[in-house]
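Note on naming: letters A, B, ... go to the chains in the order of the sequence lines (proteins, then strands), and numbering restarts at 1 for each one.
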Amino acid sequence: MIDREDKKYKRQIIGWRVAQEMRDGDYVNLGIGIPTMAANYIPEGVNVVFHSENGVMGVGPAPSEENQDADLINAGGGFITDVPGTCYFDSCLSFGIIRGGHLAMTVLGGLQVDAKGNLANWMIPGKMVPGMGGAMDLVVGAKKVVVTMEHTDKKGNPKILKECNLPLTAMGVVTMIVTDMAVIDVTPDGIILHEVAEGYTVEEVVKATEAELIIPGKVGVFSLPQ
Amino acid sequence: MIDREDKKYKRQIIGWRVAQEMRDGDYVNLGIGIPTMAANYIPEGVNVVFHSENGVMGVGPAPSEENQDADLINAGGGFITDVPGTCYFDSCLSFGIIRGGHLAMTVLGGLQVDAKGNLANWMIPGKMVPGMGGAMDLVVGAKKVVVTMEHTDKKGNPKILKECNLPLTAMGVVTMIVTDMAVIDVTPDGIILHEVAEGYTVEEVVKATEAELIIPGKVGVFSLPQ
Amino acid sequence: MPKIITAQEAANLVKQGDKILIGGFLAVGAPESIIDALVQKGTKDLKLVVIASDYEDKGMGKLVVNKQVKAVQVSHLGTNKEIQRQMYADEIKVELIPQGSLLERVRAAGSGLGGVLTPVGIGTLAAEGKQVINVDGKDFLLEKALHGDVALIHAHKADKQGNLIYRKTARNSNPVMATAGKIVIAEVDEIVEIGQLDPERVVTPSIFVNYLVKK
Amino acid sequence: MPKIITAQEAANLVKQGDKILIGGFLAVGAPESIIDALVQKGTKDLKLVVIASDYEDKGMGKLVVNKQVKAVQVSHLGTNKEIQRQMYADEIKVELIPQGSLLERVRAAGSGLGGVLTPVGIGTLAAEGKQVINVDGKDFLLEKALHGDVALIHAHKADKQGNLIYRKTARNSNPVMATAGKIVIAEVDEIVEIGQLDPERVVTPSIFVNYLVKK
């Protein structure tokens with residue numbers, strides 16, 4: 001039995017679903033938080049090379065405490081490991097890779113996304129501003145921009161809006177939204193409900209979404225494998 | 001006895017005089033032709049690191065034929081050697097070094113220089129155009145831009161003019177002119193006759209120069225050591 | 001050839017009000033010994049350029065905690081609560097710049113460019129006060145060159161000529177910061193003889209380096 | 001992972017009329033085996049981007065001699081008389097670009113910039129048709145991003161993932177050309193297993209490389 005409100009479950013199903021988007025040979029940048037979960041669910045036989053914007057490509061899993069190397073972290077500040085084929089480069093080249101359209105996919109968290117593919121994920125006026133870091137570059141540059149987030153905020157209000165009202169991270173860049181309720185494709189014609197999570201109905205997703213969703217004849221279902 | 005018309009002597013005295021401008025620790029780019037001569041006359045105790053724009057710093061002398069390495073050339077296409085401390089980099093960084101003002105000095109040939117420090121050294125309309133290569137970058141970027149050339153053309157016409165009439169390589173960039181007749185400083189106030197070559201008088205230099213030369217109270221003399 | 005100096009001597013080369021480019025990311029690859037010496041000396045009114053503001057007790061964060069910093073150009077502050085406090089208290093001036101744009105601005109300075117045109121930041125607060133230039137139908141922000149009076153960087157090894165190599169992700173912003181300071185001081189783990197570094201592995205050629213500090 | 005192909009297969013990836021970025025300088029570091037295969041195949045109307053036009057019998061010069069080239073963007077032609085002849089006979093269109101500006105234009109394309117502002121070329125023929133932009137009182141030329149359909153480069157070694165290292169001055173324009181082709185094909189002296197290259201010595205990360213050709 002699924003507990004739709006379970007935080008851990010939500011993170012898992014989002015992470016799993018994002019991982020299914022990855023193709024063999026893809027170079028992918030995962031943001032901190034929910035996006036990191038995706039690394040745990042890469043399908044068998046799919047080889048993905050992870051890029052971290054602080055200057056490394058070929059990121060292995062977190063090391064045990066005794067194997068931590070003070071000079072080897074990811075962009076979230078966490079310790080990582082190298083793998084065969086890892087290479088290092090300076091930050092300037094790293095952002096050249098990002099901005100230049102060489103990454104197949106970037107996966108980030110979101111505060112708001114709207115029907116035009118606008119993204120707001122870096123500041124809430126009146127709250128502490130951590131800075132945009134590399135987020136503005138990543139979403140402008142990567143071929144596929146996947147936003148992962150809970151479908152609604154803590155109060156149940158939609159986060160997928162007709163128009164973002166928080167300061168934007170970038171305009172018209174999001175290509176896909178993966179939430180605990182749905183997978184949504186962002187296209188020039190509008191946003192399309194691609195799949196609904198197990199345990200939800202199309203109607204529930206529509207109700208939880210402010211932006212107008214295009215509902216195709218057939219909407220798929222996704223669920224977290226046991 | 002000096003033969004003022006001897007081509008080899010002219011090249012030697014210009015090369016020797018330019019070398020005297022180099023300071024210990026300088027990073028220097030030498031163009032092909034006369035500028036290359038300067039490398040033969042670096043004063044003892046002066047350590048100069050030579051940069052070549054095709055991506056090497058720390059250029060040693062030309063190798064014997066059996067020691068040539070097909071992957072190790074300078075910007076003129078000649079074989080070179082490495083020295084302890086040599087390093088390699090890509091052309092883009094190499095021109096970043098050039099344009100970014102990191103070279104202490106660049107030494108190039110010239111067709112014409114004028115009183116404003118304008119330089120023409122890359123094309124003669126109606127003749128085959130080899131292209132500017134890296135010359136425009138070098139003269140805009142280097143801290144000190146030394147132009148080496150014979151003082152007059154084959155017909156005895158001045159090459160140091162009131163105003164260049166050939167297409168420019170760059171505007172207002174030359175800082176010093178070294179010829180077989182004179183050393184001239186290019187300053188915002190005008191061009192100053194700094195030294196005259198052994199065997200020439202100030203009057204001869206003035207006559208061979210179209211641009212108005214400022215003649216200081218004392219003009220030095222330079223000569224090629226035996 | 002760079003002069004080999006102590007961290008204290010390095011700190012003495014920094015003047016009140018200087019703009020300092022500091023290498024490192026989340027304090028990995030930060031020139032900690034020079035920062036410590038600067039904290040010790042207490043030089044005020046510093047303007048810093050860094051990609052992230054590190055931690056209160058690590059990297060450039062220590063200068064913030066010691067109230068030596070007047071202004072920062074930076075992309076990320078999230079790991080340093082004190083800089084956020086000072087920002088909201090108007091004790092420090094913060095200019096937030098997308099990380100890639102900040103790096104390109106420093107690179108432009110170091111490589112003699114006036115600036116670059118980037119699509120990043122168009123339509124966001126990061127575009128405020130910046131010129132928009134249209135190239136062949138697409139809008140770009142003009143991001144201007146960003147020079148430093150001093151660059152403080154960290155590398156793994158230097159040879160005595162000043163060639164530098166880095167280690168793993170401690171490379172990060174150090175190579176680009178090294179190109180754009182009027183004075184460039186590199187803290188290194190080890191100084192070796194000339195000829196001891198693999199010429200193909202050198203990342204920062206010696207021409208950029210004025211001083212070496214052995215950590 | 002890049003596909004390992006023959007030089008002939010590489011030539012087949014180049015279409016008539018393509019813009020090709022070719023690495024190398026005076027034919028050092030040029031992808032000779034792929035150029036030879038292209039000559040063999042005879043693909044026409046190529047537009048080339050190179051820093052120098054090499055020699056009649058070496059590097060990209062062979063494509064010029066074989067009359068496969070319609071246009072060239074280049075900084076130096078002095079070592080290739082045939083390209084000069086074709087230029088004056090209006091058989092080939094030559095755009096001369098200062099070498100540093102050409103490299104920055106390719107880098108801009110590869111790194112997602114619209115262009116850069118350079119002081120180089122101001123007041124010269126190289127400024128013709130280019131926008132002048134004043135930044136804080138100083139004039140710069142806007143040099144726009146220069147993309148290629150294909151990049152043909154040479155490296156010393158690749159691992160099977162496509163990471164590349166270079167050898168001495170055969171590095172030159174290869175790393176930057178590798179960033180800006182829609183398809184990037186690297187000719188290499190040797191292909192080694194993944195993990196066999198020093199991760200600190202890799203100059204071109206594998207993400208840029210689509211195909212490998214063993215020379």
Side-chain angles (χ1 to χ4, degrees), chain A residues 32 52-57 59 69-82 86-101 116 118-120 122-123 125-141 164 166-173, chain C residues 23-29 51-55 72 74-81 83-85 87-88 94-104 106-107 110 118-127 139 154 156 166-179 189 203-204:
Chain A
I32 53 174
S52 189
E53 60 265 38
N54 54 320
V56 54
M57 195 171 273
V59 174
D69 182 328
D71 286 341
L72 189 49
I73 64 166
N74 61 19
F79 290 107
I80 54 173
T81 50
D82 53 8
T86 293
C87 68
Y88 304 104
F89 34 84
D90 71 282
S91 301
C92 211
L93 178 60
S94 190
F95 277 85
I97 288 168
I98 289 169
R99 210 177 31 233
K116 289 169 190 149
N118 296 329
L119 169 67
W122 76 283
M123 75 172 283
K127 289 212 179 176
M128 284 289 181
V129 175
M132 69 290 278
M136 289 189 180
D137 302 88
L138 279 159
V139 296
V140 165
C164 293
L166 289 175
L168 294 185
T169 306
M171 285 165 59
V173 293
Chain C
F25 174 76
L26 299 182
V28 171
I51 53 179
S53 62
D54 301 340
Y55 305 96
V72 185
V74 63
S75 75
H76 196 261
L77 310 167
T79 54
N80 184 334
K81 286 208 167 58
I83 196 171
Q84 299 203 338
R85 191 198 62 73
M87 176 171 72
Y88 286 102
V94 173
E95 182 190 354
L96 286 172
I97 307 171
Q99 192 170 157
S101 303
L102 187 151
L103 291 159
E104 285 295 321
V106 175
R107 179 183 181 273
T118 180
V120 175
I122 288 281
T124 77
L125 294 176
D139 279 344
H154 172 84
H156 182 44
Y166 300 90
R167 188 169 178 279
K168 302 191 177 183
T169 57
R171 187 184 306 196
N172 57 58
S173 65
N174 285 295
V176 72
M177 296 299 187
T179 67
D189 294 324
V203 172
T204 295

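Judged purely by atom type and a 3.5 angstrom limit, C:Ser173 has no side-chain atom pairing as donor or acceptor with the backbone of A:Ser91.
Contacts of C:Ile51 with chain A are made by side-chain atoms alone, with heavy-atom separations under 4.5 Å and no backbone atom involved. With a 4.5 Å cut-off on non-hydrogen atoms, C:Ser53 does not touch chain A at all. Only the side chain of C:Tyr88 comes within less than 4.5 Å of a heavy atom in chain A; its backbone stays farther off. Using a 4.5 Å cut-off between heavy atoms, A:Thr169 contacts chain C through its backbone alone, with no side-chain atom that close. Using a 4.5 Å cut-off between heavy atoms, A:Ile98 makes no contact with chain C at all. Neither the backbone nor the side chain of A:Val139 has a heavy atom closer than 4.5 Å to any heavy atom of chain C. Only the side chain of A:Phe95 comes within contact range of chain C, with at least one heavy atom under 4.5 Å from a heavy atom of that chain.
Summarising the geometry of A:Asn74 relative to C:Phe25, their closest heavy-atom pair is O-CE2, 4.0 Å, with the distance given to 0.1 Å. The minimum heavy-atom distance between A:Asp71 and C:Val28, with the atom names listed, is CA-CG1, 4.0 Å. Across every non-hydrogen atom of A:Met136 and C:Ala126, the tightest pair is SD-CB, 3.9 Å. When every heavy atom of C:Pro98 is checked against every heavy atom of A:Asp137, the shortest pair comes out as CB-OD1, 3.6 Å. In terms of heavy-atom proximity, C:Pro119 sits nearest to A:Val140 at CG-CG1, 3.8 Å.
Atom CG in A:Leu93 sits 11.0 Å away from atom CG in C:Leu103 (nearest 0.5 Å). Annotation: the span from A:Phe89 atom CZ to C:Thr169 atom OG1 amounts to 10.5 Å, rounded to 0.5 Å. Interatomic distance, SG of A:Cys92 versus CG of C:Leu102, reported as 10.0 Å (0.5 Å rounding). Taken from CD1 in C:Ile122 to CG in A:Leu168, the straight-line distance is 12.5 Å, to the nearest 0.5 Å. One distance of note links CD of C:Gln84 with NZ of A:Lys127; it measures 13.0 Å at 0.5 Å rounding.
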Next item on the list: Apply side chain to side chain contact (heavy atoms under 4.5 Å, CB included) to the pair A:Met123 and C:Leu125, showing each step before the final yes or no.
Entry: CA-CA 10 Å; A:Met123 75 172 283; C:Leu125 294 176; 3.5 Å; yes
task = Evaluate side chain to side chain contact (heavy atoms under 4.5 Å, CB included) for C:Val203 paired with A:Asp90, printing each intermediate quantity in order.
result = CA-CA 9 Å; C:Val203 172; A:Asp90 71 282; 5.7 Å; no
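Here A:Ala75 is the residue among A:Ala75, A:Ala135, A:Gly172, A:Ala170 with the most heavy-atom pairs under 4.5 Å with chain C. The candidate from C:Gly78, C:Gly100, C:Gly29, C:Ala52 with the greatest count of non-hydrogen atom pairs under 4.5 Å with chain A is C:Gly100. Considering only heavy-atom pairs separated by less than 4.5 Å from chain C, the leading option among A:Gly77, A:Gly55, A:Gly133 is A:Gly133.
Heavy atoms from other residues, nucleotides or ligands lying under 6.0 Å from CD1 of A:Ile32 number 12 at most.
Judged as a side chain to side chain contact (heavy atoms under 4.5 Å, CB included), and not counting sequence neighbours, the contacts of C:Asp189 are C:His154, C:His156, C:Lys215. For A:Asp69, the salt bridge (Lys or Arg N to Asp or Glu O under 4.0 Å) partners are C:Arg167, C:Lys168, not counting sequence neighbours.
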